[in-house]
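One structure is given here, and the rest of the page talks about it.
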There are 2 protein chains.
Amino acid sequence: MTDRDWRCEDPEQQLVWASATSEALRVLEGKWKIVIIIQLFAAKKPLRFSELERRVDGVNQKMLIQQLRQLEKDGIVTRMVYPQVPPKVEYTLTEMGIALGPSLEALIDWAFMRREALGH
Amino acid sequence: MTDRDWRCEDPEQQLVWASATSEALRVLEGKWKIVIIIQLFAAKKPLRFSELERRVDGVNQKMLIQQLRQLEKDGIVTRMVYPQVPPKVEYTLTEMGIALGPSLEALIDWAFMRREALGH
DNA sequence: TGCAATACCCACCAGAAGGTAAGTATGACG
DNA sequence: CGTCATACTTACCTTCTGGTGGGTATTGCA
């Protein structure tokens with residue numbers, strides 16, 4: 001475990017924290033990734049492409065695939081192909097995807113706090 | 001406090017969590033925002049425009065202002081203008097900006113975990 | 001024969017985001 | 001009068017992201 005006091009004075013360390021966080025955020029960026037991840041979290045089981053398509057409201061096939069591929073590349077989801085016809089492909093969260101839980105929870109908390117503070 | 005178990009089965013709730021998180025992320029998105037926020041956190045004091053320009057490596061004036069204005073609009077930073085010549089403008093984190101702390105920490109933790117897992 | 005089901009791929013387009021280089025406003029100071 | 005410092009603003013260009021509407025491959029089944 002590294003020292004995590006990113007409010008420290010060391011400018012070098014600040015650069016490290018900043019770049020680490022930017023990197024982490026890049027994995028979550030894009031219009032659909034969070035929604036996909038939360039759907040996979042909520043389902044608690046592998047989801048087929050078509051199931052995701054149904055659950056992620058408003059997404060189209062190209063976008064869904066694109067984001068899934070990026071999430072796969074980033075180690076957040078696993079793609080499992082069943083060689084049958086018609087095709088069947090299942091997506092699951094990896095361990096690293098599951099490990100995102102606390103961050104997402106913290107973000108959710110902040111979002112709701114903010115909502116209340118802004119009076120919505 | 002609302003129920004925060006976003007891994008629940010209720011599809012309606014999932015939509016709420018998903019949209020809340022997307023909203024929160026939108027506030028942090030953009031190439032420079034995280035770096036700006038972390039610099040303000042680390043400084044523990046108001047920073048002038050030119051100080052930020054120096055601390056946020058690689059940013060140009062237009063981008064820095066643009067992102068600062070968005071952060072201001074989103075209630076993350078405060079812009080304080082001193083009416084003097086040459087001009088002096090200071091930027092501070094709002095309460096809501098400071099409240100981002102735990103989320104950022106969780107993201108940093110995850111980012112470092114991921115780094116180790118990927119063997120960097 | 002030909003259609004259905006599933007998970008894609010491709011060409012193309014529009015708008016948003018990011019970036020560069022120059023200009024502006026102000027008043028103190030020499 | 002001209003220069004300096006600071007915090008912007010503007011015009012313009014390039015790149016990235018999101019989106020639409022088509023097409024494809026495979027095999028079972030009517």
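Naming convention: chains lettered A, B, ... in sequence-line order (proteins, then strands); numbering from 1 in each chain. All values below come from the heavy atoms of this structure, side chains included, with hydrogens, waters and symmetry mates left out.
If you measure from atom CD of Gln61(B) to atom C1' of dG19(C), you get 13 Å, rounded to the nearest angstrom. For the pair Glu29(A) CD and dG18(D) P, the computed distance is 9 Å after rounding to whole Å. Met63(A) has its CE atom 18 Å from the P atom of dG22(D), to the nearest Å. The CD-C1' distance, from Gln66(A) to dC16(D), rounds to 11 Å in whole Å. Note: NZ (Lys88(B)) to C1' (dT26(C)) measures 17 Å, nearest angstrom. Between Glu53(B) atom CD and dT6(D) atom C1' there is a gap of 10 Å when expressed in whole angstrom units. Rounded to a whole Å, the CG atom of Leu64(B) is 15 Å from the P atom of dT6(D). Atom pair Glu51(B):CD and dT6(D):P shows a separation of 11 Å (rounding to whole Å applied).
Close to dT6(D), at under 4.0 Å from its OP1 or OP2, lies no side-chain N or O of Arg48(B). Contact annotation: Arg69(A) side-chain N/O to dA7(C) OP1/OP2 distance is not under 4.0 Å. Look at Tyr91(A) and you won't find any side-chain N or O under 4.0 angstrom from OP1 or OP2 of dA7(C). At dG18(D), one or more side-chain N or O atoms of Gln67(A) fall inside 4.0 Å of OP1 or OP2 (strictly under the cut-off). The phosphate of dA7(D) (OP1 or OP2) has a side-chain N or O of Ser50(B) nearer than 4.0 angstrom. The phosphate of dG19(D) has neither OP1 nor OP2 within less than 4.0 Å of any side-chain N or O from Asn60(A).
A 4.5 Å side-chain heavy-atom check between Arg69(B) and Ile65(B) finds at least one atom pair inside the cut-off. Using a 4.5 Å cut-off on side-chain heavy atoms (C-beta onward), Ile36(B) and Ile76(B) make no contact.
Distances from the side chain of Lys62(B) to the nucleotides dT10(D), dA7(C), dA5(D) place dT10(D) closest. For Val89(B), the listed nucleotide lying nearest its side chain is dC8(D); candidates were dG19(D), dT20(C), dC8(D). When each of dT27(D), dG18(C), dA11(C) is scored by its nearest atom to the side-chain atoms of Val85(A), the top-ranked nucleotide is dT27(D). For Pro86(A), whose side chain is taken as the heavy atoms from C-beta onward, the closest listed nucleotide among dA7(D), dA5(D), dT6(C) is dT6(C).
Between Arg115(B) and Glu23(A), at least one side-chain N (NZ, or NE/NH1/NH2) sits under 4.0 Å from a carboxylate O, which counts as a salt bridge.
Residue Glu95(A) qualifies as open at atom CD: its count of foreign heavy atoms under 6.0 Å is 12 or below.
In terms of polar N and O atoms assigned as donor or acceptor, the side chain of Lys31(B) never comes within less than 3.5 Å of the base of dG18(C) in a complementary pairing.
The nearest heavy atom of DNA chain C to Gln70(B) and to Arg79(A) marks one nucleotide each, and the one closer to the 5' end goes with Arg79(A).
Both Trp110(B) and Val16(A) belong to a single network of hydrophobic side chains, linked directly or stepwise wherever heavy atoms of I, L, V, M, F, W or Y lie under 4.5 Å apart.
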